[in-house]
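Nothing fancy with the numbering, it's 1 onward along the sequence.
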Amino acid sequence: LINYLNHVYQYGLIELLVSVLSQLNVLRQLSAMGKLGTAKELIESVVDSGEKVLVFSSFVEPLETLQQHFKDTSVILTGKTPVEERQGIVEAFQNNPNIKIFFGGFKSGGLGITLTAATNFLGLDFPWNPADLQQSIDRLHRLGQTATSVNIYQLVAIDTIDDDMKGILDYKQDIFDIRISRTGIER
C-alpha cells in the first residue's frame, strides 16, 4: 500500500485517486437511496411487531429521508447533530416507548453510545471500515441488553457497488483476523 501511495504521489495521480473515491461515494449513496422502499417496509414490519430498530448509514440524506417518513416515532443522530443534543436523543430512544426508530450515521451514532432498547439493526449501506459496521451493531449488544436475541439486517443491492463494498469489508476483516490470530489475542 505504501508503495502504491508513493507511486500515486510521484506520478501526480492524487487528484485522480480523490476523484475515483468521490465517484465511488456517489455510487454508494445512490445505492442507499435506492433501498429506501425496502427499508421502509422492513422498519414498518419491526415497529408493527412492537420492537425498536436502529437504522445506520454512511450518508445523511437517506437517514433524513426515512426520518421524515417516520418523524413521530423516530430520532436521528448524525454528524450534523449538535453535541449538546446527542445525549437527549439517545435517552429519548432508550426511554420513550413511542420512539421506535433510531437513525444514525456509522461514525456519529456508532461509537460510545448505548442503544439497548432496540432488538433490530438495519444497515442501509456498508462503511469503508469493517470496525465501523461492527461498532454500530454493537450498540445493541451492551450491558443492559435484556433481549435474548437481536436481528441484524444488511440491505445489499445485487450487482451494484454494494457487492464490491461487501467484498472489500470481508477482505479487510480477513486481514484483521489473521493479524489478531498471529498475536494470540482472543476475539
Review point. For K80, which residues count as a side chain to side chain donor-acceptor pair (under 3.5 Å) partner, sequence neighbours excluded?
Key: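 K80: side chain to side chain donor-acceptor pair (under 3.5 Å) contacts with E64.
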Using the test side-chain contact (heavy atoms from CB on, under 4.5 Å), find all partners of [X] that sit at least two apart in sequence or belong to another chain.
{"X": "P82", "result": "E84, E85"}
{"X": "E61", "result": "Q29, M33, T65"}
{"X": "I161", "result": "L24, L27, R28, S31, D164, M165"}
{"X": "N129", "result": "A131, D132"}

Check your understanding: S108 and R86: which non-hydrogen atoms are nearest, and at how many Å?
Key ->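 Nearest heavy atoms, S108 then R86: CB-NH1, 3.9 Å.
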Review point. Can you name the nearest heavy-atom pair linking P62 to L124, along with the distance?
Key: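 Looking at all heavy atoms of both residues, the closest pair is CB-CD1, 4.0 Å.
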Can you list, pair by pair, the side-chain donor-acceptor contacts under 3.5 Å of residues 39-50, counting residues two or more places apart and other chains?
| residue | atom | partner | partner atom | Å |
| --- | --- | --- | --- | --- |
| E44 | OE2 | H69 | NE2 | 3.3 |
| S49 | OG | V46 | O | 2.6 |

Review point. According to the salt bridge (Lys or Arg N to Asp or Glu O under 4.0 Å) rule, which pairs have a member within residues 89-103, sequence neighbours left out?
Key: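 Found none.
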Point to revise | Full working for side-chain contact (heavy atoms from CB on, under 4.5 Å) between V53 and F70 | key: CA-CA 12 Å; V53 60; F70 294 103; over 6 Å; no
Establish whether [X] and [Y] are linked, either directly or via other cluster members, by ILVMFWY side-chain heavy-atom contacts under 4.5 Å.
{"X": "L77", "Y": "I99", "value": "yes"}
{"X": "I89", "Y": "I76", "value": "no"}
{"X": "F103", "Y": "L36", "value": "yes"}
{"X": "F59", "Y": "L66", "value": "no"}
{"X": "I137", "Y": "V55", "value": "no"}

Practice item. With sequence neighbours excluded, tell me which residues meet ring pair (Phe, Tyr, Trp, His ring centres under 6.0 Å) with F126. Key: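 Here no residue qualifies.
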Review point. Got a sec, which residues hit ring pair (Phe, Tyr, Trp, His ring centres under 6.0 Å) with F121, two or more places apart in sequence or on another chain?
Key: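 Per chain and number, F121 pairs via ring pair (Phe, Tyr, Trp, His ring centres under 6.0 Å) with F56.
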How many angstroms lie between atom [atom1] of [X] and atom [atom2] of [Y], to the nearest 0.5 angstrom?
{"X": "L133", "Y": "D138", "atom1": "CG", "atom2": "CG", "result": "9.5 Å"}
{"X": "I101", "Y": "N120", "atom1": "CD1", "atom2": "CG", "result": "11.0 Å"}
{"X": "S74", "Y": "F102", "atom1": "OG", "atom2": "CZ", "result": "10.5 Å"}
{"X": "K35", "Y": "T160", "atom1": "NZ", "atom2": "OG1", "result": "6.0 Å"}

Exercise for review: Could you list the residues that satisfy salt bridge (charged side-chain N to carboxylate O under 4.0 Å, His left out) with E51, not counting sequence neighbours?
Suggested key: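 Partners of E51 under the salt bridge (charged side-chain N to carboxylate O under 4.0 Å, His left out) test: none.
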**Study point:** Remaining members of hydrophobic cluster (4.5 Å side-chain criterion), V83
**Key:**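 Its cluster partners, ordered by chain and number, are none at all.
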Point to revise | Apart from L30 itself, residues in the same hydrophobic cluster as defined by side-chain heavy atoms under 4.5 Å | key: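 Via sub-4.5 Å side-chain contacts, L30 links to V26.
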Check your understanding: Which of these, L155, N151, L54, T38, sits in a side chain to side chain contact (heavy atoms under 4.5 Å, CB included) with L122?
Key ->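 Only one option passes, and that is L155.
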Check your understanding: Any sub-3.5 Å donor-acceptor pair from D125's side-chain atoms to A32's backbone N or O?
Key ->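 No, D125 side chain to A32 backbone: no donor-acceptor pair under 3.5 Å.
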**Study point:** Backbone N/O of F93 and side chain of K52: donor-acceptor pair under 3.5 Å
**Key:**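 Indeed, once roles are kept as given, a pair shorter than 3.5 Å links the two residues.
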